[in-house]
Each structure stands twice: as structure tokens, then as C-alpha cells.
Number of protein chains: 2
Amino acid sequence: MMEPAGTPWKVLIVDDHEMVRMGLRTYLMLDARFEVIGEANGGKDAFETLARGGYQGQLPQIVLMDLMMPDMDGVETTRALLSQYPDLRIIILTSFLEDEKVVEAIEAGAVSYVLKTVSADELIYAMQGAIKNMPVMSSDVSQALTRGLRKRSASHEVEGLTEREREVLLLIAEGRNNKDIGDELHISIKTVKTHVSNLLMKCELDDRTQLAIYAHRKGWAKQG
Amino acid sequence: MMEPAGTPWKVLIVDDHEMVRMGLRTYLMLDARFEVIGEANGGKDAFETLARGGYQGQLPQIVLMDLMMPDMDGVETTRALLSQYPDLRIIILTSFLEDEKVVEAIEAGAVSYVLKTVSADELIYAMQGAIKNMPVMSSDVSQALTRGLRKRSASHEVEGLTEREREVLLLIAEGRNNKDIGDELHISIKTVKTHVSNLLMKCELDDRTQLAIYAHRKGWAKQG
DNA sequence: TTTCGCCTCGGTCTGTAGACTGAGGGAAAT
DNA sequence: ATTTCCCTCAGTCTACAGACCGAGGCGAAA
């Protein structure tokens, strides 16, 4: 990825909040090194537009991507985009600092993870880092990253449950049914049932209600 | 609240995300009827600045307030501000549509509740409504409001669970099945089902797993 | 006495849960 | 190269869950 002297880096903004897109555009208008070539209000929108040849035939080099979007998750979109366009530099923008999400985002190939509370200066600094493929993260974010990694490695040993089983367990602990869980995890209801059966066997319990209680007692459930 | 002809309405933006503030300011620069006189990055910031006399001695007439902020909640800030400055017109801005939050916001005195996904046009329309003290809400929001009110009125009676229903609920929260519960309480499985159905209706939940979680969240369950 | 709420029980019916069996693919370890 | 583990999915079957219907007894309140 060579910088053509004098040519601004082409930026795509993906966020479902128009006012955030507007704010970002305003940020970047201040800096001649970047040019916003397009906006998308969701992951699907972004993906489809790129598949159709980009914005006025242009492909972005940098993508600023919101994490929480209604149609396609930012992490998921990151994975999808990078599988097609591996040279994209994707920066995740988010309001919340969730340890797991940070890990997922970086795993998905995002170069940086930036909180929406940052100033224009800090964002542009992160974007400059992105060009050089150098992650620029605040100490908050890097702490969350290491915490998330620790949690994950720790939870790998938890009760001999697999990653997937734990995901299913947490959703059960939220009161979701199998159909719901399948939709959430993008797997069939059959597979969900398999995981539930395995959970019941491993935890030596009789039904999903007991699983939900179990998770809450262990403090694994959200807002428990 | 009289409109001085030709004088723009003074707006205060309260949001912890600088890029949202920037976006909003850019929105409002397009409209001469509004002038952003100040910004705050949180509830406390806003409150303290107003207490010190406002922004360059000016007090806002309209406040655009984010709901989720780290230091002081948008609803809380709304309540606090209105108790001091009852003429403020506060519009809540948020990313998420939570039934309860909508109700709380309106109760706190916010004139409107607007999603961050709206366009500049729609926001300005809501602000014009705010001037006239007329709530302008999308159908999404008004539905959430009515849903939230229903839920609340229902949950006020949730203490209207009968003795028997509470007993059944606690047993469900222990992970017992209907047969078990029937044996425990010396009643038929049919009667247990009746109580469970009534519980589901009163608590507005879908199945016994959600009932168990509900009881645990309320702290009603044993060893919860 | 009538009314009302609660508890009790029955039947029917549909949908989901969960057990059980079998099977293919991928990734990592040996 | 083989084993092993995990994730995935299918089909079948039984049991339970829960909705919806109706109904009787019982005690407290109007």
C-alpha cells in the first residue's frame, strides 16, 4: 500500500447513525490527507456497494466501521470485507469498550479499535497508524484487549465447556429459545439442540431452565 | 417562551462522543434558526456550566441530550436540569430504543425522544416541535412509549402475584418441572400449569426459563 | 345474596424440548 | 497419516410445556 504523493487516502464510513457519519465527515474535511468517498448505513450496504464496484468506481483504502449495527455486526462485516478486499485498513469505532468485542474485532482483522469519545486529532492519528498498518490504541483499549485475551484463555478451561457451548449457555441464560439462539449464532436449530444436549450432559442437569439458573448462580449471565 | 424574530434558538449539545457533537453541529449549521451556543461531554459538565451562568453568559433554550453517558445518565441530567431551568426544551438522543428508557425520559420531562439514526431534516423537525412544546416522535418511539407504559402498569401489579403463584414461581426458579411442583404442593400437574400460565401472562414472559431468570434477577430465588 | 378473586381440576391441541443415532468437514495434535 | 475434538446438520421420536376452553368450590367483600 503505497501513498501516492498528494493524493488523499480514500475513506469509507460505515455507521447506521447519520449524525455520526456527519461528524466523521466533518472531522475529515479538516485534513487534506483523507477524502471520504462514501458512506454506508450498515454492513450489508457497505459490502454490496463494494461488490458493485465501489463508490463512483472508487474503492476505499480505509474503512471506519461502527461496531453495533442492526443489520450486520461490525465484526462480521470486517471479516466479510477483508476476505474480499484484504488490503483494506479497517478501524472499528464504538461507544462501548467490551473486552470480548475488542478481541473479536482484532481477530477479524481490524487494524485499530477506537472509542467514539475520541477527538478528531486522535482519530486522525489512528488513521495515520492504519495506513502504516500500525495499530494505534488508547490505553483503555489495549487493556481491554489483554483482559479479553486472558478471559478467553481462562474460559477455555471452564468446566470443560467448549467456546460454542458457552455461547449457547449464555443465550439460554438470557431466556432465548433454540430458534432464537440459532438465528443469533447463524446455525441451525438442530445444531443448537446438539449443543444444549451436550450442555445438559456435561453439567448433569435436566433442562434449559436449570441451565439458566446454573449460569446465573455462576455469575456468568449478563445483568445477573 | 417567545421567539425573538430573527434571533436563532440557542442550542446546547450534551454528548460524550465528540464525533456526535460534531455531527450535530454540522446538522445545525445548515439551519439559521438554530445556533449551537455550547457543548458538554456529560451531564455533570452541562449542569455545572449552566450553574456558572451558561456559555458566555448565555443559557440555551433547547438541549440535545445523549441518553447513555458515563458520568451522569441522560434521564437523570434531564431531571436535574429541568428542576433548575423549567423552560428548557430537552430532546433525548439515543442509539437504542428501550421501552423503559423512553418512559423514564418522558417522565423526566424531555419533550421528545429521537433516535440517532435520523437525518438532519427529521431532527430539525423534532426541534421545531420542541419549540412549540409538541413532542415529535417516530412511530417506533411512540410504540416503545406505549409498550413501556403497559409493561410498567403490568409490573406494578406484579406484586399482585398470588401466594400460590409466588410459590410456583420460586419452585420454577429452583429448576423444578411441573410434575415435581405438583408433588411438592400436593396439587395436580394441571393446576400447576394453570399457575404457570397465569405467571407468564402477568409477568409478560414467554416460558418458564424466563420466569426463572426473572425471579433470580429480582433476588427472589434461593441461593440466587 | 350476589359478586369477585383465588385455587382447583379436566380436556384438547400445538409447539418446543430434548434424547438418540448417524454423519461429514476442519483443525490440531501425535 | 491417523487420531481426536469440535462444529455442523439431519431425521425420528417421546415427553413436556403452554395456550385455550370450560367448570366447580370456597371465602371475603359489597
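Just so we're clear, the structure is a prediction, and the values are computed from it rather than from any experiment. Throughout, protein chains are lettered first and strands after them, A, B, ... in sequence-line order, and every chain is numbered starting at 1.
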Short side-chain N/O contact from [X] to OP1 or OP2 of [N], under 4.0 Å:
X	N	value
A/N177	C/dT16	no
A/R208	C/dT16	no
B/T191	C/dC7	no
B/S188	C/dT8	no
B/T162	C/dC7	yes
A/S197	C/dA17	no
A/H195	C/dG18	no

Distance check needed: [N] [atom2] versus [X] [atom1], whole Å only.
X	N	atom1	atom2	result
B/M201	C/dG5	CE	P	12 Å
A/L205	C/dG18	CG	P	11 Å
B/N198	C/dC7	CG	P	9 Å
B/Q210	C/dT16	CD	C1'	13 Å
B/D180	D/dA15	CG	P	17 Å
A/K193	D/dT14	NZ	C1'	11 Å
B/D207	D/dA19	CG	P	9 Å
A/E163	D/dT8	CD	P	11 Å

A/L12 and A/A46: which non-hydrogen atoms are nearest, and at how many Å?
->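 Shortest heavy-atom contact: CD2-CB, 4.4 Å.
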Can you find a donor-acceptor pair, distance only, under 3.5 Å between A/K190 side chain and D/dA10 base?
->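 Flag unset: no donor-acceptor pair detected.
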Looking at B/D183 and B/R176, does any basic side-chain N land under 4.0 Å from a carboxylate oxygen?
->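 No salt bridge links B/D183 with B/R176.
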Of all the nucleotides listed (D/dC7, D/dC9, C/dG18), which has the minimum atom distance to the side chain of A/L200?
->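 Among the listed nucleotides, the one closest to the side chain of A/L200 is C/dG18.
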Please determine, by modelled atom types, if [X] and [Y] share a side-chain donor-acceptor pair under 3.5 angstrom.
X	Y	result
A/R208	A/N178	yes
B/T191	B/T194	no
A/D73	A/T77	no

